[in-house]
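Numbered from 1 within each chain, the chains take letters A, B, ... in sequence-line order.
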There are 2 protein chains.
Amino acid sequence: MRIGELSRLSQVSVATIKYYLREDLLPPGTATATNQATYTEAHVRRLRLIRALIDVGGLSVARARDVIAAVDAGDLPPHTLLGIAHGAVTRPPDRSGTDPAWHAARTEVVELVHRRGWSVSPDSPGLDQAADAIRALRTLGQDDLLGCLETYADAAELVAGRELDIVVARADPTRMVEGVITGTVLGEVLLASLRLLAQQDASARHLGAAPPPTTPTDQRGSNTAATT
Amino acid sequence: MRIGELSRLSQVSVATIKYYLREDLLPPGTATATNQATYTEAHVRRLRLIRALIDVGGLSVARARDVIAAVDAGDLPPHTLLGIAHGAVTRPPDRSGTDPAWHAARTEVVELVHRRGWSVSPDSPGLDQAADAIRALRTLGQDDLLGCLETYADAAELVAGRELDIVVARADPTRMVEGVITGTVLGEVLLASLRLLAQQDASARHLGAAPPPTTPTDQRGSNTAATT
DNA sequence: CTCCAATAGATAGTGAGACTATCCAATTAC
DNA sequence: GTAATTGGATAGTCTCACTATCTATTGGAG
């Protein structure tokens, strides 16, 4: 197919496709002449992956490129792949350099990891990001919220174990790579969404308040539960 | 104190403080003359909250302003407050308008919520965001990753319940408001970080234990400690 | 009392990021 | 044969989050 059809199938404008080509997010099509190239179904899938990472996962174009490159590398060892995915979904640490409170928080994370017997490399971006969050909670005087910490760790263990089971169940290594990437990025979004929903429920349950009446804008099938 | 000291204590440049004042993220100090105003410890705390939301939580300045405004409103009903916090940590839905796949995904989420007996308002941003993620996973052919869905929901229930317990344990309503905000935003970051760490452990454990051949992926959940 | 650094408020400028638009020459579809 | 499409290059736009400059004041050390 040519670029026009690629654009139509992927719902991405031609100009944006060209931009992604320039930025090495999308491999070039096979050139048939100086100004003609053909694209395949693989390009459509790639484009869908890119948009999912950017639009749903919230990655920047640069982060998405790193992830894509890892997918294309193909033969990376799994822990490297996971490291790249994790690097893509974390923000660079806040003020790690000089802040003693940050180092204290990071030590706390390392201790948690050790207590749990987790096998984690010492430069994992997750350690830094957790330290950022803990330091922030402490400096805001919200220390008691860290009473959730073990619960968070329980939940993390729960979902990570299940996620791994599903991904390793795949025979095809290429599909495994895709699973790690999409699972890491989109799984985070999904888990976060469900946490929000569960928070709303917990709040409603505690306050004994029924949710507001459902508007009839959503008339397909069963609607939101209003009672418990 | 004057703005210079405020800047020093909060580690935020004077120019940026002025910017936050213009953008209504920070209330003005009490003016003592045409070009003099004094700030208090409350301004320092506010500034720290702003930076935590932006730097650690990843909120935009505009989202942070909405959240801050909710904190200052003071007398908002809890579900409204929670709604604002949730609106701040979610991205607007992707292509909800015309896509039947999206509506199918959203229905799936609503059914999950119903199945769980969660009491959730039908316009919760969490519903839309979860639908985005599910639709993306399906269109990427990663449907099997949705085998995690119930596990995610379990984890979400677990952490949300604990979070609520901690926040309602606070007597002071002002502290409760802060707890909802910081818990929602920073808790998400913390949970996501720990998930990454747990993923790394699960991956190491699996690769350390046995090569991929056929290991029935049935022992879920409990990880036995294995120090590294 | 003097004088200079600090300040409030206003306005303008900057740099990154993610596209978007325009050109041009070479096809290609009709 | 002519109009539309394409690839490649370059330049422009828009938002965001600051950052810098300017103009009067004003606080305070000497």
For B:Asp144, all residues meeting side-chain hydrogen bond (donor to acceptor under 3.5 Å, both in side chains), sequence neighbours excluded: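 If we apply the side-chain hydrogen bond (donor to acceptor under 3.5 Å, both in side chains) test to B:Asp144, skipping adjacent residues, the hits are A:Arg170.
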
Nucleotide-resolved protein contact map, nucleotides 16-21 of chain D, B/S/- at heavy-atom distance under 4.0 Å: -BBB--

Proximity to DNA chain C (any heavy atom under 4.0 Å), residues of residues 30-39 of chain A only: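 Output list: A:Ala33, A:Thr34, A:Asn35, A:Gln36.
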
side-chain hydrogen bond (donor to acceptor under 3.5 Å, both in side chains) evaluation trace for A:Gln129 with A:Thr90: CA-CA 7 Å; A:Gln129 181 157 295; A:Thr90 48; 4.7 Å; no

A:Val67 side chain near A:Thr184 side chain, heavy-atom distance below 4.5 Å: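 They are not in contact (no side-chain heavy atoms under 4.5 Å apart), so the answer is no.
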
Spatial distance of atom CD1 (A:Ile50) from atom CG (A:Leu26) [nearest 0.5 Å]: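 So the gap between those two atoms works out to 5.0 Å.
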
Minimum heavy-atom separation for [X] and [Y], please, with both atom names.
| X | Y | answer |
| --- | --- | --- |
| A:Gly57 | A:Val185 | CA-CG1, 3.6 Å |
| A:Ala105 | A:Arg135 | CB-N, 3.8 Å |
| A:Val159 | B:Ala155 | CG1-CB, 3.5 Å |

Nucleotide range of DNA chain C lying under 4.0 Å from chain A heavy atoms: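 Under 4.0 Å from chain A, the extent on DNA chain C is C:dA18 to C:dT28.
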
Within this structure, what is the [atom1]-to-[atom2] distance between [X] and [N], rounded to whole angstrom?
| X | N | atom1 | atom2 | answer |
| --- | --- | --- | --- | --- |
| A:Leu21 | D:dT6 | CG | P | 13 Å |
| B:Glu23 | D:dT15 | CD | C1' | 12 Å |
| A:Arg8 | D:dT5 | CZ | P | 12 Å |

Pairs flagged by salt bridge (charged side-chain N to carboxylate O under 4.0 Å, His left out) wherever residues 30-45 of chain A is involved - sequence neighbours left out: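 Checked against salt bridge (charged side-chain N to carboxylate O under 4.0 Å, His left out) - neighbours excluded - no pair reaches residues 30-45 of chain A.
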
Summary of salt bridge (charged side-chain N to carboxylate O under 4.0 Å, His left out) pairs that have at least one residue in residues 58-69 of chain A, sequence neighbours excluded: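 Residue pairs passing salt bridge (charged side-chain N to carboxylate O under 4.0 Å, His left out), neighbours aside: A:Glu23-A:Arg65.
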
A:Arg46-A:Tyr39 side chain donor-acceptor pair, cut-off 3.5 Å: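 On atom types as modelled, these side chains do not qualify, holding no pair under 3.5 Å.
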
